[in-house]
Protein chains: 2
Amino acid sequence: MSSSSPRIPNPTASDADQTPARKRTKRVSMREVAEHSNVSVATVSMVLNNNPRISRATQARVRRSMDDLGYRPDRVAQSLSSTYTRLLAVMIPPLSHAFADTYFGEIISGIYDRAARLGHKIIIEQAKPKFIESGQHLELVERRFVDGLLCLGFIENYEFMHDLVERGQPVLSVNSHFVDLEVDSVVCDYTAGAEQAMNCLRQLGHKKVGMIIGGSKGVTTQDIMAVFKANTEELGTYDPSLIVDGRYSETGGAEAARQLIDKHPDVSAVFCSNDKMAMGAMHYMHQSGRKVPEDISVVGFDNLYVSQFLNPPLTTVHLPLYDLGDLACERIIQRIRGRREAVSELLPTHLILRESTAIAPGR
Amino acid sequence: MSSSSPRIPNPTASDADQTPARKRTKRVSMREVAEHSNVSVATVSMVLNNNPRISRATQARVRRSMDDLGYRPDRVAQSLSSTYTRLLAVMIPPLSHAFADTYFGEIISGIYDRAARLGHKIIIEQAKPKFIESGQHLELVERRFVDGLLCLGFIENYEFMHDLVERGQPVLSVNSHFVDLEVDSVVCDYTAGAEQAMNCLRQLGHKKVGMIIGGSKGVTTQDIMAVFKANTEELGTYDPSLIVDGRYSETGGAEAARQLIDKHPDVSAVFCSNDKMAMGAMHYMHQSGRKVPEDISVVGFDNLYVSQFLNPPLTTVHLPLYDLGDLACERIIQRIRGRREAVSELLPTHLILRESTAIAPGR
DNA sequence: CTGAAAGCGCTTACAG
DNA sequence: CTGAAAGCGCTTACAG
């Protein structure tokens, strides 16, 4: 320091020159804070963590040093010494527009806010086949990228959750659960929502109702179908071919609507198990010259933000997606902190009546 | 280990009991791999990092040990010893449905894929006022949560980027740039897109066109307005009151449409600077009994995925959002790795003609 | 081609 | 109430 012997530039000097690009405001470490306030790093650490064993006087002095020096604890070092990363992974399915899916978005919003309040950050990962095959879902926790995983929208290909559960890693499934896998879950009450939707259609005098579902395996889909079946059987119109798969997408919904109407031209209402398919169905009606709701009623499920702006605005079952995320986040953090018992929560749903439904034609 | 002296349970035993909940498959460290293959940890580290100085034989032996023991390098330790976290932050604005915004979603999709390919993960943060006020945007990099920030959709309140730039932290603004702040950016060619949209309307014989914008400060908004002004002046219909603010939202778009039509009932087309406002405008037309495109044409901007499913499907300017994210991610990583020169990229746009536009009425 | 050692910046018993 | 020391699991000169 005193004798600044100016070394002749050596071969690695150029390498050294690269680094300064990242020098930035030279990081201040705990050691420097300790020196500045004449205490040990242990004491600084304890002040940082509000350990009550430190006297008020020292507390104050150290805090001042921190401020004076602009100290920012290195969270990487903190994580290395402690058990947690305070990072959570949000897994979304390998669908092509998954990141732009408002359904996932609203849930993530709830997760994010709760995570922030509990001092956590979230990373997003898409469970593409290669990702799972190469075991990256396991690496996420085992290489300490995150403390736990929240899985959104997995109805099939959820074996990866099994891997995690098996190894005792914190995982939670949001809005889907399984018969063959015991994993923490937080889901909406699909049965109650479907009941209300079918009730509404019956009160409007609809006898022959079609249903567009997303796949047929999901437990929640099974729940909705059970309600649909019970109701249409009471109406005396039940027929398995009234149920068509719309693969949860807009295009799928449009195709399913065509298929349904071709086969059953006398259907006066269509109940869709999500808003995207309802949107596709309405799109098909519009393109094929049918008027909603005058000619045919459409009911959705989810109550996405956009659904109120459709033409006509969509009648749909409201799902508390934000709250779902909020609760899921709280529960996974409890699990991370040591909760042992499995958890499975159910959130209430309700119908939102808008303009895509009307009295059955000819009534 | 040999003499298992069964200690009497002490006060802290219960604490110790909590921890095992997180024991999981007892982590394997580099030291154990080293012992297992009779080399030093330095060698294991070098094998892990494919350092060519290690002989093929040792390479193989160590790799086997890794596999046998199920070794997973602790990325927290790796980050502590190296310069990078290999984490990127994606900042979104403090709008209420920002997480569920498909515009951001498509960009993030591009960011994610590129990041994954370059060995990075992404965390999402919303720049709420409190977040910025408490300096958390700085903590993000200075506490080593991430290596750099990608900012989406900031048109106002972008001072926080200044803080970062000032301290030499890697930041990049996606699809917005500023006159008073030099920051890396990747944006779409709004001028060219607007030209095409206006051209299309003129060819369809529209003389009196209204415009719905999102705020008036953004550089890109200025670009669009300049094109709008130039074109309507040529048509001899320019009037500042033909431009109304729709705040980039569906509701804002609906209100702006009402305002515009109340003041100028003879407007035959409306050009909106994003699809959400166009959707709101179409919603207002529908609710007020006007037919799109027979009575009035509507053009959007963004080409969101849903726009093709609207009734009628929306004519709009396509923005390469996925590519935008992809390129932005590549550029921020170059910056993190030491690039010094500022970067500002422009991506091409083009009009997508659908059914919300038609020949001007009475032509 | 490989190893011993220092260091990254924290936390946490342990001792006083 | 506070400090010295070990440890978290890696990487990286340095030496041989």
Side-chain angles (χ1 to χ4, degrees), chain A residues 7 10-13 15-16 18-19 22 26-62 65-66 69 71-86 139 142-145, chain B residues 7 10-13 15-16 19 22 26-62 65-66 69 71-86 142-145:
Chain A
R7 292 181 174 280
N10 62 35
T12 55
D15 280 319
Q18 302 285 334
T19 321
R22 283 190 49 81
K26 180 70 170 164
R27 308 200 74 250
V28 175
S29 81
M30 196 167 259
R31 191 166 45 72
E32 297 166 71
V33 176
E35 283 164 8
H36 187 270
S37 46
N38 281 311
V39 293
S40 69
V41 294
T43 300
V44 176
S45 173
M46 289 170 140
V47 168
L48 191 64
N49 296 297
N50 296 310
N51 190 315
R53 286 176 12 197
I54 306 299
S55 72
R56 297 185 55 85
T58 318
Q59 272 269 9
R61 190 151 42 89
V62 173
S65 293
M66 289 182 180
L69 302 175
Y71 171 64
R72 308 231 189 228
D74 183 325
R75 77 150 264 272
V76 176
Q78 288 180 316
S79 286
L80 187 60
S81 299
S82 66
T83 330
Y84 306 113
T85 62
R86 292 186 156 264
E139 296 201 345
E142 297 187 347
R143 292 193 52 197
R144 299 227 281 148
F145 281 99
Chain B
R7 293 181 174 280
N10 61 36
T12 55
D15 280 317
T19 322
R22 285 191 46 83
K26 179 70 170 164
R27 308 200 75 251
V28 174
S29 81
M30 193 167 259
R31 192 166 45 74
E32 296 167 70
V33 176
E35 283 164 8
H36 188 270
S37 46
N38 280 311
V39 294
S40 69
V41 295
T43 300
V44 177
S45 172
M46 289 170 140
V47 168
L48 191 64
N49 296 296
N50 295 310
N51 190 315
R53 285 174 15 196
I54 306 299
S55 73
R56 295 185 55 86
T58 319
Q59 271 270 8
R61 190 152 40 89
V62 174
S65 293
M66 288 183 182
L69 301 176
Y71 171 65
R72 309 231 189 228
D74 184 325
R75 77 150 265 272
V76 176
Q78 288 181 315
S79 287
L80 187 61
S81 299
S82 66
T83 329
Y84 306 113
T85 62
R86 290 184 158 267
E142 298 188 346
R143 292 194 52 196
R144 299 227 279 148
F145 280 100

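Reminder, nothing fancy here: chain letters follow the sequence lines and each chain counts from 1.
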**Study point:** Note, B/Arg144 side chain near B/Leu80 side chain (heavy atom, < 4.5 Å)
**Key:** yes
Check your understanding: Does the side chain of B/Val28 come within less than 4.5 Å of B/Arg72's, by heavy atoms?
Key -> no
Does [X] reach the main-chain N or O of [Y] with its side chain, forming a donor-acceptor pair under 3.5 Å?
X        : Y       : answer
A/Glu35  : A/Glu32 : no
B/Arg143 : A/Pro73 : yes
B/Ser37  : B/Val33 : yes
A/Ser29  : A/Arg31 : yes
B/Ser45  : B/Val41 : no

Practice item. Taking only the side-chain nitrogens and oxygens of B/Thr43, find out if one of them lies under 4.0 Å from OP1 or OP2 of C/dT2. Key: no
Practice item. Could you tell me the separation between the CD atom of B/Gln78 and the CZ atom of B/Arg86, rounded to the nearest 0.5 Å? Key: 9.0 Å
Check your understanding: Among residues 50-62 of chain A, which residues get a heavy atom nearer than 4.0 Å to DNA chain C?
Key -> A/Arg53
**Study point:** Under the 3.5 Å Watson-Crick or G-U criterion, the dot-bracket string of DNA chain C, with | for inter-strand pairs
**Key:** |||.||||||||.|||
Distances under 3.5 Å only, N/O to N/O: pair up the protein atoms with those of nucleotides 7-11 of chain D.
unit_1, atom_1, unit_2, atom_2, d
D/dG7, N2, A/Ser81, OG, 3.3
D/dC8, O2, A/Ser81, OG, 3.3
D/dG9, N2, B/Ser81, OG, 3.1
D/dC10, OP1, B/Tyr71, OH, 3.0
D/dC10, OP1, B/Asp74, N, 3.2
D/dC10, OP2, B/Met30, N, 2.8
D/dC10, O5', B/Tyr71, OH, 3.1
D/dC10, O2, B/Ser81, OG, 2.4
D/dT11, OP1, B/Asn49, ND2, 3.2
D/dT11, OP2, B/Ser45, OG, 2.4

Practice item. May I ask you to decide whether A/Arg27 forms a salt bridge with B/Glu142, counting only side-chain N to carboxylate O separations under 4.0 Å? Key: no
Exercise for review: From the options B/Thr43, B/Leu48, B/Asp74, B/Val47, select the one residue that forms a side-chain contact (heavy atoms from CB on, under 4.5 Å) with B/Met30.
Suggested key: B/Leu48
